[in-house]
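Okay, structure first, notes after.
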There are 2 protein chains.
Amino acid sequence: MTDRTAPTKLKDVALAAGVSISTVSRVFTNPERLSPATVQHVREVASRLRFSPNLMARALITGVAANVGLIVPDITNPYMTTLLKAAQGRSRSSGVGVLVADTDDSAEIERQVADQLARQSRGLILCAPRMSSAHIREVAELIPVVLINRVVKGVPSVVTDSEPALGEIVERLSGLGHHRLAYLPGPSGSWANRQRLKALTERSAAAGSELVVLPDTVATYPDGIAAADAVVRSEATAVFAFDDVLASGLIEGLRRQGRRVPDDISVVGHDDVLAELVQPGLTTVAGHSDRVGRLAMERLLDPDGEQDREVSIAIRATAVYRGSTGPAPR
Amino acid sequence: MTDRTAPTKLKDVALAAGVSISTVSRVFTNPERLSPATVQHVREVASRLRFSPNLMARALITGVAANVGLIVPDITNPYMTTLLKAAQGRSRSSGVGVLVADTDDSAEIERQVADQLARQSRGLILCAPRMSSAHIREVAELIPVVLINRVVKGVPSVVTDSEPALGEIVERLSGLGHHRLAYLPGPSGSWANRQRLKALTERSAAAGSELVVLPDTVATYPDGIAAADAVVRSEATAVFAFDDVLASGLIEGLRRQGRRVPDDISVVGHDDVLAELVQPGLTTVAGHSDRVGRLAMERLLDPDGEQDREVSIAIRATAVYRGSTGPAPR
DNA sequence: ACGCTTTGTGCAAACGTTTGATAAAAAGTA
DNA sequence: TACTTTTTATCAAACGTTTGCACAAAGCGT
């Protein structure tokens, strides 16, 4: 209906400037091989005609696409949101776009969109807790990949290292009289879940505290509410939730059961991502997802900064204390 | 370091199947012009070689890109997140990707990325409260655009109509004894903000209530906290916040001032997007951003369903009552 | 004046598709 | 069998770039 006007192309600029197409092209890709005079002149003409290069044509011939793919299990999770925001902010300055795909927590869709995006991206930031390592390597063979919160041998990744922060909180809680702790897990297959469980197991042993592991969840708000029952039955005085959203649900669930946080039971979250919204404020492990996102994008954009030197870069998480933890009851 | 293997192209399949390149191409774009036998055969060979077409080459020649762009002021806002998720879910089945750009609430960046994405997308879902209408039209002339929560003459849009829901809440509050209401606005330039203000003005007049309009904010959580003071001074017994996140901040701010919600003052949010997380649960206007996102994507993908019949489609918001509203004090 | 390097520009091929025109083969008709 | 119509597959041009190579002009030392 509305008739689009065809965008101006290299040819138009060349014609208007009285030079050849290749010269105009070089003005944008290789200006130092041209005389300053022509560069200046062509630049003027180009911007007067509002020229901007056709990215698809460029990608076709150079073999390097204009965009980066970002694959996440659930874009609704604030952790992913801030990661996306940071990554995208970092890429904008380089003029590359971000193709986002939400896999709805399905391994099947993870595979599918990874394949699809791989063909039109210059690289992939891949947060795919469910995909098999084999297939991840397969994708990484096709296109540069940076993995998020998961390590697969030979594939670059950036992960958050929560171990020190979790340990610190375990100790602090121990000092407050908590010696029976519980862990409310997230998705069972997830690498991050295993890491957190491992850290808690080791560090609570070191602090002389018991750790009871509750049944798996998929870390949604309702899961948290539902878990309150099991938490109470565990008779732990403090519980670590996989996630801030899981922790929030748990707090609500405990409230419904008439338990007060932190007087009756202390709750610790993870990610520091909606920790201020909830009442009481969540004691949590700040994952700094913004830094994770920015760093991942940098590793992808940089041709080969230290790409293979250390394939997995860890960002150290930090403990943040708020109102959801306190002295153990009695 | 890792040596990528070149993807298989049309030529490889043609060679392996013993047919011409164009025949293979037609198998995927125009199978009915081919004999069923060849189609079948080529399909087999293609999938054996794991062929999938180079989207950039295709886009170059057909002139229609593989992706759609989604431009939002702040991807961190849960309203946008669920909108994105729904839109992306809808587009996945059609095999088109979503290029996301966060403009960081800056009109400048809105312009910039709109121009950038326009050149490599088949269409744009544009949530740009700050960009000038003139420039929006300019972009819409270049490429199909669906506007979100804003109407500009001649440009298709999908908006949420909060008027009935806001009116309903005003009346209900009036029945509970609230006759002095306040509105805590969001970004002043925003179309949505004007709509909500207008609806509240009219409907509170109709209900015989006063409406005091507080100073503008940009609708962040800290803004909400900071606004508590002004809210208290307004002596309103119920306050409508632009947003759920603004409302959450406000509740926290009021709490710090020792005011209880809803006993001392009732609070109403907008979007229904984190309303359950906060304590007490937020009475709010459910904007159904998932439906908005899905519909916007549909209008973009459908060649011309009803494209120009009614350029602006409104989705009616609904009122959701939770614990943050109650009878007026005294 | 001569060769020799340096500098600046143009030619044309290539990237991997799609698609209108066209030829070849198959099928139908008399 | 010869002619027409229909079906099926190929040819080649085009999309808008980038880039190796060739080449002309200019600078320079002898």
Side-chain angles (χ1 to χ4, degrees), chain A residues 4-43 45-46 49-67 95-96 118-122 142-143, chain B residues 4-43 45-46 49-67 95 116 118-122 142-143:
Chain A
R4 327 271 172 210
T5 70
T8 63
K9 34 190 192 176
L10 230 38
K11 192 162 88 174
D12 304 326
V13 180
L15 215 61
V19 295
S20 83
I21 293 186
S22 11
T23 299
V24 182
S25 169
R26 273 189 254 270
V27 167
F28 294 103
T29 61
N30 235 346
E32 58 284 358
R33 300 192 72 78
L34 257 37
S35 93
T38 32
V39 170
Q40 160 99 7
H41 174 219
V42 171
R43 279 245 166 78
V45 175
L49 297 190
R50 283 210 178 67
F51 169 79
S52 87
N54 180 323
L55 294 178
M56 269 115 43
R58 174 181 293 185
L60 181 54
I61 190 138
T62 63
V64 32
N67 302 318
V96 331
R119 311 250 339 165
Q120 56 176 321
S121 309
R122 89 169 34 180
L142 213 62
I143 186 185
Chain B
R4 327 269 173 214
T5 70
T8 62
K9 33 190 194 175
L10 230 38
K11 193 162 87 172
D12 304 325
V13 180
L15 216 61
V19 295
S20 81
I21 293 186
S22 10
T23 300
V24 182
S25 168
R26 272 190 247 272
V27 166
F28 294 102
T29 62
N30 233 346
E32 58 284 359
R33 301 192 72 77
L34 257 35
S35 93
T38 32
V39 170
Q40 159 100 7
H41 174 221
V42 171
R43 279 244 167 78
V45 175
L49 299 189
R50 282 211 178 67
F51 169 79
S52 87
N54 180 321
L55 294 178
M56 270 117 39
R58 176 182 293 192
L60 180 55
I61 189 138
T62 62
V64 31
N67 303 318
Q116 199 212 124
R119 310 250 340 166
Q120 56 175 321
S121 308
R122 88 167 37 178
L142 214 61
I143 187 185

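Only a predicted model underlies this, so the values are computations on that prediction, with no experimental measurement involved.
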For A/Arg26, is there any backbone N or O sitting under 3.5 Å from a side-chain donor or acceptor partner on A/Arg33?
no

Check: A/Arg58 main-chain N/O paired with A/Thr62 side-chain donor or acceptor under 3.5 Å
yes

Neighbours of DNA chain C within residues 49-66 of chain A, by heavy-atom distance under 4.0 Å:
A/Leu60, A/Ile61

Working to the nearest 0.5 angstrom, can you tell me the gap between A/Arg119 CZ and A/Ile143 CD1?
10.0 Å

By nearest-nucleotide position on DNA chain C, the 5'-leaning member of A/Ser22 and A/Pro36 is A/Pro36

From B/Gln120 CD over to B/Asn67 CG, what is the distance, rounded to the nearest 0.5 angstrom?
7.5 Å

Determine whether any donor atom in the side chain of A/Arg26 lies under 3.5 Å from an acceptor atom in the base of C/dG8, or the reverse, and answer yes or no.
no

Can you pull the contact range of chain B along DNA chain D, 5' to 3', using atoms under 4.0 angstrom from its heavy atoms?
D/dT8 to D/dG16

Assign B/Thr29 to base, sugar-phosphate, or nothing according to its heavy-atom contacts below 4.0 angstrom with the strands shown.
sugar-phosphate

B/Arg122 side chain vs B/Ala66 backbone, donor-acceptor pair below 3.5 Å:
no

Can you check whether B/Ser25 has a side-chain N or O nearer than 4.0 Å to OP1 or OP2 of C/dT18?
yes

Heavy-atom donor-acceptor pair, A/Ser25 side chain to A/Ile21 backbone, under 3.5 Å
no

May I have the distance from B/Leu34 (atom CG) to C/dT19 (atom P), rounded to whole angstrom?
14 Å

Applying side-chain contact (heavy atoms from CB on, under 4.5 Å), run through B/Thr38 and B/Val27 and close with a yes or a no.
CA-CA 8 Å; B/Thr38 32; B/Val27 166; over 6 Å; no

Look at the side chain of A/Asn54 and the backbone N and O of A/Ala57, then say whether any donor-acceptor pair between them is shorter than 3.5 Å.
yes

